[in-house]
Amino acid sequence: MTIRVYNTLTRQKETLQPVDPPNIGIYLCGPTVYDRAHIGHMVGPVIFDTIKRYLVYSGYKVTWVVNITDVDDKLINKSRQRGLPMEQIANENTADYLSNLAQLGVDQIDHMPKATESMDEIIALVKTLIDQEHAYEVDGDVFFDVSRDPEYGKLTNRTVDTLQGEGGGAAAKKRSPADFALWKHAKPDEPAWNSPWGKGRPGWHIECSAMSRRLLGETFDIHGGGLDLVFPHHENEIAQSECCHGKPMAKYWLHNGLLKRESAGKLGGRADRDKQGSEQTVTLEQIQQATAEKESRSAGAGGLADMIARIGGEQIRFFLLRTHYRSTVVFSDEALAESVTALATFYRFFERFLRVTGKSFYDIQSAQERVDGELQPGEDLLLQQVQRCRAAFLEKMDDDFNTGGAVSDLFDLVRTLNKFIDQQTLDDASDADPANLASLRQGAKTLREMGTLLGLFQTPPQQADSADDDQLASQLMDLLIALRASARKNKDFAMADRIRDELNQLGIVLEDRKGETGWRLQP
RNA sequence: GGCGCCGUAGCCAAGUGGCUAAGGCAGCGGAUUGCAAAUCCGCCAUCAUCGGUUCGAAUCCGAUCGGCGCCUCCA
């Protein structure tokens with residue numbers, strides 16, 4: 001078993017060899033919580049959640065950190081616009097973010113440090129960089145001196161002289177346009193922390209260097225984030241941390257692709273920003289309108305939380321995992337709908353499994369550890385097929401966490417199991433061979449193992465007939481089904497079909513099985 | 001201008017040097033069904049174009065066309 005990952009730093013796939021096996025430290029750049037999350041913010045968490053599941057399964061001890069940036073210029077602007085304290089805005093949006101993560105089944109994060117709770121480490125790091133003459137102070141601002149870092153630009157293959165650098169009022173103070181702020185001097189009405197350079201706040205990149213060092217050490221294994229963070233954010237993190245410590249910051253740099261709308265540009269990208277205009281001149285109403293437009297296209301009128309409630313967290317997770325994490329994903333209602341349809345195949349199988357075996361798929365205990373090549377010579381044909389699916393699945397996951405390819409093996413496996421039920425006529429529970437049922441259970445257990453690795457099928461989907469509110473609906477359905485059964489018995493197919501067709505109009509699908517009729521809502 | 005990515009069936013999407021190019025959605029044919037639904041079986045691509053390397057390329061190299069990202073805040 002060898003796991004290979006694509007490393008942005010070397011621009012090639014490499015064998016994963018932890019710095020300190022079996023431990024693996026992962027740092028993922030989380031959100032700046034100046035606004036509610038959109039679906040694009042979920043790509044990184046979902047894939048890294050999956051990566052951690054896979055690494056733990058493969059025998060590693062993984063520590064995964066996702067930071068929350070809760071102090072920043074955009075937060076300060078937002079605070080002014082809304083007339084609320086920055087902290088309150090940060091707290092609101094952090095809560096929204098966490099709730100979205102939970103809905104998508106992202107539950108593997110070990111630490112979520114906040115920038116505002118890491119000031120001591122940040123200041124200490126800046127101080128060291130000044131002492132080392134990698135940074136300099138000008139009137140309460142501190143800048144990193146890129147000319148003192150011969151390796152600057154190595155992540156993105158850039159040279160200092162080609163860079164424009166950040167503009168704004170601070171540009172005049174910088175020795176080189178490419179120098180970037182480590183510490184920003186506070187204006188009178190801005191949130192500020194005491195520092196050796198007066199009151200101020202951290203620059204954008206420094207908090208990640210400080211927090212990753214505290215929680216994962218000076219050199220850790222995997223640093224992740226969206227492709228849009230490669231430059232300047234990660235380039236600058238590398239510069240700060242490696243100049244400070246004199247050793248590599250992270251061994252592998254993994255970047256997820258960005259989500260794109262059908263129409264134009266990535267979510268929150270240039271097109272969105274241009275629409276909003278410069279924040280000095282735009283009115284609050286315009287901002288709200290622009291935000292509403294953006295959300296209506298990217299996440300439904302009520303934002304991501306509403307979209308999750310409407311579509312389902314698992315459906316969105318599945319949608320994201322169907323593509324390789326480094327690809328650009330074009331997001332649209334149609335694409336999402338296709339995913340929902342595809343995912344329903346598994347839910348139908350789980351119901352069938354319950355009918356056949358009397359056991360819930362969700363009660364199956366999933367394998368916690370990876371065990372390879374345990375196929376016994378005497379095992380039956382079904383289990384051999386199941387093992388082939390599983391081996392194919394693991395092979396794809398080993399290759400840079402190819403979830404898109406791995407999903408196909410999930411479909412292959414569910415088809416194999418459905419076929420087995422058909423061929424062995426296990427739907428007739430009365431004469432089912434116990435040995436066949438045992439084989440089926442074993443196959444389902446493997447499906448559960450694979451699903452769990454992807455963070456899928458952890459809890460039963462919302463059932464139309466499970467909620468108390470739908471008790472009446474359930475009773476009415478029983479009545480209609482009984483009426484239709486009686487019509488069918490009398491060969492009154494016109495009546496029977498009318499009941500079925502009109503229920504269909506209401507989005508309810510009937511399935512006649514041996515001896516009974518089931519119903520479900522259309523996905 | 002600099003750095004980088006992508007172009008596989010109607011649509012989405014794996015595969016990056018060698019078995020019949022995964023899987024999903026849609027469609028068509030069949031088994032099953034009173035008819036459907038569900039399930040299963042079958043059909044449906046020579047991989048943007050051109051040229052080159054190679055015994056052999058979707059997969060490597062070059063050119064062309066088309067799409068995109070970063071170089072300023074962004075997951």
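Throughout, protein chains are lettered first and strands after them, A, B, ... in sequence-line order, and every chain is numbered starting at 1. Computation of the quantities below employed the complete heavy-atom set of this structure, encompassing side-chain atoms and omitting hydrogens, waters and symmetry-equivalent molecules.
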Less than 4.0 angstrom from a charged side-chain N to a carboxylate O is my criterion; do [X] and [Y] meet it?
X: Asp306(A); Y: Arg36(A); value: no
X: Lys396(A); Y: Asp409(A); value: yes
X: Arg352(A); Y: Glu511(A); value: no

Hey, does [X] reach any base, or is it just sugar-phosphate, or nothing, if we go heavy atoms under 4.0 Å?
X: Leu510(A); value: base
X: Gly30(A); value: sugar-phosphate
X: Arg352(A); value: sugar-phosphate
X: Phe493(A); value: base
X: Gly44(A); value: nothing
X: Asn418(A); value: sugar-phosphate
X: Pro232(A); value: sugar-phosphate
X: Ala335(A); value: nothing

| query | Reading nucleotides 2-10 of chain B from the 5' end, what letters show protein touch, with B for base, S for backbone sugar-phosphate only, - for no heavy atom under 4.0 Å? | reply | BSS------

| message | Using a 4.0 Å cut-off on heavy atoms, which residues in residues 316-324 of chain A reach RNA chain B? List them by number, or say none. | response | Arg322(A), Thr323(A), His324(A)

| query | Which of residues 400-414 of chain A have a heavy atom under 4.0 Å from RNA chain B? | reply | Asn402(A), Gly404(A), Gly405(A), Ser408(A), Phe411(A), Asp412(A)

| Side chain of Asp228(A), base of C73(B): donor and acceptor closer than 3.5 Å? | no

Expressed as a whole number of Å, how far does the [atom1] atom of [N] sit from that of [M]?
N: C5(B); M: C11(B); atom1: C1'; value: 22 Å
N: C12(B); M: G7(B); atom1: P; value: 12 Å
N: A9(B); M: C47(B); atom1: P; value: 9 Å

Closest listed nucleotide, where the reference is the side chain of [X] and the choices are [options]:
X: Lys396(A); options: A75(B), A38(B), A14(B); result: A14(B)
X: Arg500(A); options: G24(B), A36(B), A37(B); result: A36(B)
X: Arg348(A); options: C25(B), U39(B), C73(B); result: U39(B)

| task | Examine A14(B): is either OP1 or OP2 under 4.0 Å from a nitrogen or oxygen in the side chain of Ser327(A)? Give yes or no. | result | yes

| query | Hey, does the Lys NZ or Arg CZ of Lys78(A) hover above the aromatic six-ring of Tyr34(A), less than 6.0 Å from the centre and inside 45° of the axis? | reply |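 The answer is no; the distance or angle limit is not met.
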
| request: Would you verify whether the NZ or CZ of Arg448(A) falls within 45 degrees of the ring axis of Phe361(A) while also being under 6.0 Å from that six-membered ring's centre? | output: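 The answer is yes; both the distance and angle limits are met.
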
| request: Provide the closest heavy-atom pair for Leu75(A) versus Thr69(A) in the form atom of the first, atom of the second, distance. | output: CD1-O, 3.8 Å

| request: Test His223(A) against every option in Phe48(A), Trp64(A), Tyr252(A), Tyr27(A) by the ring pair (Phe, Tyr, Trp, His ring centres under 6.0 Å) rule and name the one that passes. | output: Tyr27(A)

